[in-house]
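Encoded as structure tokens, the structure appears first; notes follow it.
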Amino acid sequence: MEKYVPDEIELKWQRYWEERDLFRSLPGGEKPKFYCLEMFPYPSGRIHMGHVRNYAIGDVIARYKRLRGYNVLHPMGWDAFGLPAENAAINHGVHPAKWTYENIEYMKKQLKRMGLSYDWSREVATCSPGYYRWNQWFFLKMYEMGLAYRKSSSVNWCPSCSTVLANEQVINGGCWRCDTGVVEKELEQWFLRITAFADELLKGCDELEGGWPEHVIAMQRNWIGRSEGVEVDFPVAGLDERIRIFTTRPDTLWGATFLCIAPLHPLAERLVKDRDALEFQKSRYGVMEEKHGLFTGHYAVNPVNDAKIPIYVANFVLMEYGTGAIMSVPAHDQRDFEFAKAYDLPIQVVIQPEEGKLSEPLTEAYEEYGRLVDSGAFTGMKSSEAIGEIGRYLEEKGLGKRVVNYRLRDWGISRQRYWGTPIPIIYCDRCGVVPVPEKDLPVILPENISLTGTGESPLKGSEEFLSVRCPACSGRARRETDTMDTFVDSSWYFVRYCLGSGEIDLAAEAGKDASEIGYWMPVDQYIGGVEHAVLHLLYSRFFTRVLRKLGLVPGDEPFLRLLTQGMVCKETLSCPEHGWLLPEEVEDGHCSRCGKAVVKGRVEKMSKSKKNVIDPDYLIRRYGADTSRLFSLFAAPPEKDLEWSDRGIEGAFRFLNRIWNLVLGNEERLREARGISPEPVGAAAEVLFRKTHQTIKKVTLDIEDRYQFNTAIAAMMELFNQISSFHAESVEDVAVLRFAVKTLLLLISPFAPHLAEELWERTGERPSIFDQDWPQWDEDAAREEEIELVIQVNGKVRAKAMVRAGLSDEELRERALGDEKVRAFLQDREVRKVIVVKGRLVNIVVK
RNA sequence: GCCGAAGUGGUGGAAUUGGUAGACACGCAAGAUUCAGGAUCUUGUGGGGGCAACUCCGUGGGGGUUCGAAUCCCCCCUUCGGCACCA
């Protein structure tokens, strides 16, 4: 018999799909639309297993929806701006554009070889002027709307990447890309006012409930970090100044025994005489290990009780949050408590627990709610009530006001790098900051540039780029030399895909009644890594809101449903002397270089540096695309981490081989039965017929309701096992066999599309299998005729009996009580209760 | 510290609303085929006890609710992820 050679059939069908342009999608028509999107890759050189998994999941959904009769949009593109291209230029002298486009070419070949059902006509690369001109256009629009602004601020600077990082891009004090510790630096930066949407973005989270994973929504909410509180002004004794503080606990206002301001607070310079001491505080700013304070020599007056309390500069008070100043209530805030202990400041209890009394002196702050004591008119009130009441009181007296604070900060987008979108701004000595007129877009990134990696914006070195006529006065002016954060590119690419190939004109799209964007948006299913749970997803949600204001998209939320796939992991191997090892560097558990015993490390995310990677090219060469896809879908549910297993991929390959052998071994018979409708005759045929309908149901619901591809595949394996143990004897039998096989092929087609196409053709059907309808199950045909009744006595299984399906509760009860084995257990004990679970189980409770 | 997810055979993982724990696969064992190995096929496979019918134990640990708990509630342990002086 002909052997299963994936290479042959996979290339054959990929060619066929491409020639027939099968996955090209057009807007409109009768069918409902379905926009299926996977996060586009950065063209780093080659795809990795994470991509294989991500795109396999997306392709199953896209192909499934297509078979279900949806008009599917399933595009792919390249997140093509970014640092690695620039670093390649610095290190190897190759131009970022050349490097990027060569990578795209190779990776595109890899994706095509995987047999993914993309509409490649919509492919975009964000580094092309036709794309990034719209980044610039959005920037200008936001500038007009007051959503883009420039300010000098202290920024997170990565010395290794020589660029600024947004807050979201700092992970544990390090750069999100290279882990290098970030340092503070003062720079002029462009910001996008994402905070203007803080409340909307937070409220929008409710809408995502059900469609997005709970923990991703939680992280978004967390990041936005809304908190309600009050701002209170504390006059500075003897000076005409007041310090505004923010607190979420106005119920502790009477317990404030000192006041702290951030080292960078505008008043710090004025209040502190000792410059050196202040500089020291600044240097300790953000150092978590220890709380440092500096007494200013000044006092503030607590407006609710006129208490004079000392003012400190404290290294732990953040200028970026709230007002940069706090009232310190050591009795009820642990940080203040520690500070008070260190500087020997008074601790005043103003909250007592509902039950019991705090024993003084305190050993730690009591941070819970309770009842107010020593708090003027509010004494005796519960914290929960006092918080609101005191807020109102402060507003009435003009001492303060209730406010909402967010943790979210504006998005700094300036990057001192070359390979990104030039910010379309011109600086003129006479006119100041002048936006580039829309008609002059795009501001093209110049190609002749020297990249040295010194940390200066590379565009500063291009006189040709730099010097420009001011659009307002035509005088000599110079361009902004910073480029945009690449997260800008990925914040709207899903909108770009809606517009098909070639140049686009978003200005003309705005406000259109029946736009293609309006037809396809929002994305119905988005699939990608959880590492973007905050950054990319939050930015995209922000952008979509701006786009809506521009009349470009119909709704606020870009992604209706989100699937965050788990990481692809593999065991690590390391040698005490030579570090991480590849599997082939290990011989019998010893390092092949030095002979030392190899340590089997934890199962960790595949990474080149840990040498625990599997190359997708190798997999496809050895097993084919279908097997690679099937394995990554079968080994774990999509949202969980997937552990690589050599045995596992062998198993997937064997399964496809078995299907191949089964169909080819029956090719003639299956062809001959074409056109005969499957009517099962005899018990075996009935069982197979029923199993086939049951499998359709199971696979459909597993995909539809839960994206549980692993159990869907398991169900198909069960069906296969049933088929292969079925011996077709009569013509009727073969018709049933054919029905079962055809069904199996249809069900597996989203998972292993090439094999399904090939075998579909071999059974005498015409291609493409993807022009077929997804099979329907018949509830009656799927119903079991007999069920196994489980009989329990006092909750323990004591007997099982095959009974006709559909018996009444009373009949089941009688059957159970009459069971011989059961009677032995019951003997003459008193039956107190009998519980019947419909069609399944009877539990007899005896004394 | 706070928020979130998870803990089930030798392994990856099933168990849809509380109703037969371990589907499916891997691995392992025995057998068939083969000169042999590989591949393939068949059968078995949670642990303990028994020749066996059978029986006891078993979903991180401890308690609880229930006729019945992997599933619900309380406490604890472990692992992973996120945030982390946010006032």
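Lettering follows sequence order; numbering is per chain, from 1.
Here the closest non-hydrogen pair linking A:N54 and A:G528 is OD1-CA, 3.6 Å. Looking at every heavy atom in both residues, A:G566 comes nearest to A:R53 through O-NH1, 2.9 Å. Considering all non-hydrogen atoms of both residues, A:P638 and A:L563 come closest at CB-CD2, 4.2 Å. The two residues A:G322 and A:F246 have their closest heavy-atom pair at CA-CB, 4.3 Å. Of all non-hydrogen atoms in A:D251 and A:I387, the two that sit nearest each other are OD1-CG1, 3.6 Å.
One atom, CG of A:N222, and another, C1' of B:rA5, lie 14 Å apart when rounded to the nearest Å. If you take CD of A:E571 and P of B:rG12, they are 12 Å apart, rounded to a whole angstrom. A straight line from CD of A:Q334 to P of B:rC2 spans 12 Å, rounded to a whole angstrom. B:rA15 atom P lies 12 Å from atom CG of A:D705, rounded to whole Å. Rounded to an integer number of Å, the gap from A:N794 CG to B:rA69 C1' is 16 Å. With rounding to whole Å, A:Q220 atom CD is found 15 Å from B:rG82 atom P. If you take NZ of A:K796 and P of B:rA69, they are 10 Å apart, rounded to a whole angstrom. Rounded to whole Å, the distance from CG on A:L633 to P on B:rG13 is 14 Å.
B:rA29 and B:rU43 make up a base pair, with Watson-Crick or G-U wobble contacts both under 3.5 Å. Under the Watson-Crick and G-U wobble criteria, each requiring two contacts below 3.5 Å, nucleotide B:rU16 is left unpaired. Pair check for B:rG37 finds none; no Watson-Crick or G-U wobble contact set falls under 3.5 Å. Nucleotide B:rU71 has no partner under the Watson-Crick or G-U criteria, as no pair reaches both atom distances under 3.5 Å. Pairing partner, B:rC2: B:rG82, with both Watson-Crick or wobble hydrogen-bond distances short of 3.5 Å.
The side chain of A:A635 approaches B:rG12 more closely than any other nucleotide in the set B:rG12, B:rC67, B:rA14. With B:rA14, B:rG12, B:rC67 as the candidates, the nucleotide lying closest to the side chain of A:E643 is B:rG12. With B:rG12, B:rC83, B:rG19 as the choices, the nucleotide that has an atom nearest any side-chain atom of A:R407 turns out to be B:rC83. Side-chain proximity of A:V317 to B:rC83, B:rA87, B:rG19: nearest is B:rA87.
Between B:rU11 and B:rG48, the distance separating the two P atoms is 15 Å to the nearest Å. With both ends at atom P, the span from B:rG10 to B:rG46 equals 11 Å, rounded to whole Å. Remark: the separation of the C1' atoms in B:rC57 and B:rG4 is 35 Å, to the nearest Å. Taking atom P on both B:rC74 and B:rA23, the two are 32 Å apart, rounded to the nearest angstrom. B:rA6 and B:rG12: their C1' atoms are spaced 15 Å apart (whole Å). When the C1' atom is used for both B:rG58 and B:rA5, the distance is 25 Å, rounded to whole Å. B:rG27 and B:rG13 have their C1' atoms separated by 14 Å, given to the nearest Å. Distance noted for atom P between B:rG63 and B:rA70: 15 Å (whole Å).
With a glycosidic angle no further than 90° from 0, B:rG9 counts as syn.
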| query | How does each nucleotide of nucleotides 21-29 of chain B score, in 5' to 3' order, for protein heavy atoms under 4.0 Å: base (B), sugar-phosphate only (S), or none (-)? | reply | --BBSSS--
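Residue contacts shown for A:S328 are absent, as no nucleic acid heavy atom lies under 4.0 Å away. At a threshold of 4.0 angstrom between heavy atoms, the contacts of A:E788 include nucleobase atoms, whether or not backbone atoms are also involved. Nucleic acid contact class of A:P637 (heavy atoms, under 4.0 Å, all strands): sugar-phosphate only. If you check every strand for non-hydrogen atoms under 4.0 Å, A:N405 touches nothing. Backbone-only contact: A:V845 has heavy atoms under 4.0 Å from sugar-phosphate atoms and none from a base.
Here A:Y312 contributes atom OH and A:I261 contributes atom CD1; the two are 13.0 Å apart, rounded to the nearest 0.5 Å. Here A:K691 contributes atom NZ and A:L744 contributes atom CG; the two are 12.0 Å apart, rounded to the nearest 0.5 Å.
Applying the 4.0 Å criterion to OP1 and OP2 of B:rA14, one finds that A:K698 has every side-chain N and O outside that range. A:R706 has a side-chain polar atom (N or O) that falls below the 4.0 Å cut-off from OP1 or OP2 of B:rA15.
Taking the ring axis of A:W212 as reference, the NZ or CZ atom of A:R561 does not stay both within 45° of it and closer than 6.0 Å to the ring centre. Cation-pi geometry between A:K291 and A:F339 is not satisfied (NZ or CZ under 6.0 Å from the ring centre, within 45° of the ring normal).
Heavy atoms from other residues, nucleotides or ligands lying under 6.0 Å from CZ of A:R804 number 12 at most.
The distance between the ring centers of A:H332 and A:F337 does not fall below 6.0 angstrom. Centroid-to-centroid, the aromatic rings of A:W660 and A:F653 stay 6.0 Å apart or farther.
Mapping A:H215 and A:D702 onto RNA chain B via the closest heavy atom, the residue that lands nearer the 5' end is A:H215. Nearest-nucleotide assignment on RNA chain B puts the 5′-proximal partner with A:V530, out of A:V530 and A:L318.
No side-chain N or O of A:S227 forms a donor-acceptor pair with one of A:N405 less than 3.5 Å apart.
Residues from residues 798-808 of chain A placing a heavy atom under 4.0 Å of any atom in RNA chain B, listed by number, are A:R798, A:K800.
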